[in-house]
Amino acid sequence: MELVVYGAVGPKESERELAYRLLELALQREYGLESLPEIRRAAGGKPYFPQYPHIHFNLSHSRGAAVCALSGEPVGVDVELLRPPPRRLAGEMGAEEFFRLWTAKEAAVKRRGLGIAALRRQEPDGQCRCLEDFLPGCVVTVCPADGPVRTVSIASV
């Protein structure tokens, strides 16, 4: 299966639910599944479907924005709403530069299932790709993205 990323922007405080609605919609459209399968988490927190080990997915949400990535291989995705970055982490970097780096690190960590603590040690992965202009006002990065990536922007779910 090709790598596909679904994304939407909704009300703040409901982005977690929006991410799961995107996952349900993507599974229906891409695999014909009528309902969300059981989800379990591996040791590092990476979610997976025990009944469908060939379907790999990852979710992310940030301040109203949500994304869901589906692939035939392990995948990580991260979204961040553009805003002033935390000075202690960003130093002299501007918002877009910082969040491109941050989302690349987080997508790589999530792909590998290492858990959020690994972000401090993670270097950007050359297989990650920032999805330009996918969600307005957001930085979205998916990993790996060494092949074609199809994006699906959803107006409402």
Side-chain angles (χ1 to χ4, degrees), residues 1-33 36 39 45-47 49 55-116 118-120 122-157:
M1 176 193 177
E2 70 181 333
L3 175 56
V4 61
V5 181
Y6 280 63
V9 177
K12 290 182 182 176
E13 307 303 322
S14 65
E15 62 270 357
R16 185 175 191 279
E17 294 83 17
L18 180 57
Y20 280 95
R21 288 197 317 265
L22 285 171
L23 176 59
E24 193 168 18
L25 178 64
L27 289 169
Q28 182 180 31
R29 288 183 175 182
E30 305 298 327
Y31 289 96
L33 299 179
L36 192 60
I39 298 173
K46 185 169 180 63
F49 299 125
I55 302 174
H56 297 268
F57 74 98
N58 201 238
L59 306 174
S60 182
H61 50 81
S62 172
R63 302 171 189 233
V67 291
C68 164
L70 290 177
S71 180
E73 63 180 288
V75 63
V77 68
D78 191 42
V79 61
E80 289 291 340
L81 184 70
L82 275 175
R83 61 191 185 277
R87 285 191 193 265
R88 66 181 177 77
L89 297 175
E92 298 299 314
M93 285 188 273
E96 188 164 349
E97 181 184 8
F98 172 77
F99 284 113
R100 280 176 169 268
L101 175 63
W102 182 266
T103 59
K105 286 181 165 193
E106 191 160 335
V109 163
K110 291 169 75 175
R111 173 183 173 222
R112 295 173 60 204
L114 298 176
I116 204 76
L119 271 174
R120 292 181 186 172
Q122 181 67 45
E123 292 299 318
D125 186 324
Q127 290 186 318
C128 291
R129 183 184 335 158
C130 185
L131 303 177
E132 304 289 338
D133 303 320
F134 176 41
L135 291 179
C138 297
V139 176
V140 180
T141 300
V142 65
C143 188
D146 48 355
V149 176
R150 182 166 48 93
T151 58
V152 180
S153 183
I154 303 296
S156 69
V157 190

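Note that the structure is a prediction, hence the values are computed from the model and not measured.
Within the structure, the ring pair (Phe, Tyr, Trp, His ring centres under 6.0 Å) test picks out the following pairs touching residues 64-98 (sequence neighbours left out): F98-W102. Legend: side-chain hydrogen bond (donor to acceptor under 3.5 Å, both in side chains) pairs involving residues 133-148, not counting sequence neighbours, sorted by first then second residue: T103-T141, Q127-D146. Among pairs with a residue in residues 3-17, those fulfilling side-chain hydrogen bond (donor to acceptor under 3.5 Å, both in side chains) read Y6-E30, at least two apart in sequence or across chains.
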Full working for side chain to side chain contact (heavy atoms under 4.5 Å, CB included) between L33 and I55: CA-CA 11 Å; L33 299 179; I55 302 174; 4.2 Å; yes
Does I39 form a side chain to side chain contact (heavy atoms under 4.5 Å, CB included) with L23? I'd like the steps, not just the answer. CA-CA 11 Å; I39 298 173; L23 176 59; 4.1 Å; yes
(message) Between V75 and V142, does the side chain to side chain contact (heavy atoms under 4.5 Å, CB included) criterion hold? Intermediate values first, please.
(response) CA-CA 7 Å; V75 63; V142 65; 3.9 Å; yes
request  = Evaluate the criterion side chain to side chain contact (heavy atoms under 4.5 Å, CB included) for residue pair L27 and F57; output intermediate values, then yes/no.
outcome  = CA-CA 10 Å; L27 289 169; F57 74 98; over 6 Å; no
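With a 4.5 Å cut-off on side-chain heavy atoms, V152 and R29 count as touching. P144 places a side-chain heavy atom less than 4.5 Å from the side chain of E73.
Between the side chain of N58 and the main chain of V77, a donor-acceptor pair closer than 3.5 Å is present. A donor-acceptor contact shorter than 3.5 Å links the side chain of R129 to the backbone of A145. Not one N or O on the side chain of K110 forms a donor-acceptor pair closer than 3.5 Å with the backbone of K46. Side-chain N or O atoms of S60 include one that pairs as donor or acceptor with a backbone N or O of V79 at under 3.5 Å.
Judged as a side chain to side chain donor-acceptor pair (under 3.5 Å), and not counting sequence neighbours, the contacts of E132 are R100. By the side chain to side chain donor-acceptor pair (under 3.5 Å) test, E80 pairs with S62, R83, sequence neighbours left out. Legend: residues meeting side chain to side chain contact (heavy atoms under 4.5 Å, CB included) with Q28, ordered by chain and number and at least two apart, are L25, E34.
Atom CD of E24 and atom SG of C68 lie 11.0 Å apart (nearest 0.5 Å). With rounding to the nearest 0.5 angstrom, the CZ atom of R150 is 9.0 Å from the CG atom of L70. Here C143 contributes atom SG and R112 contributes atom CZ; the two are 9.5 Å apart, rounded to the nearest 0.5 Å. L131 contributes atom CG, which lies 11.5 Å from atom SG of C138 (distance to the nearest 0.5 angstrom).
For the side-chain contact (heavy atoms from CB on, under 4.5 Å) test with F99, the passing option among L81, V140, L82, D78 is L82; the others fail.
S153 and L135 make their closest contact through OG-CD2, 4.2 Å (heavy atoms, listed as atom of the first residue, atom of the second, distance). Residues G7 and V67 approach most closely at CA-CG1, 4.1 Å, considering heavy atoms. Considering all non-hydrogen atoms of both residues, A104 and C128 come closest at O-SG, 3.7 Å.
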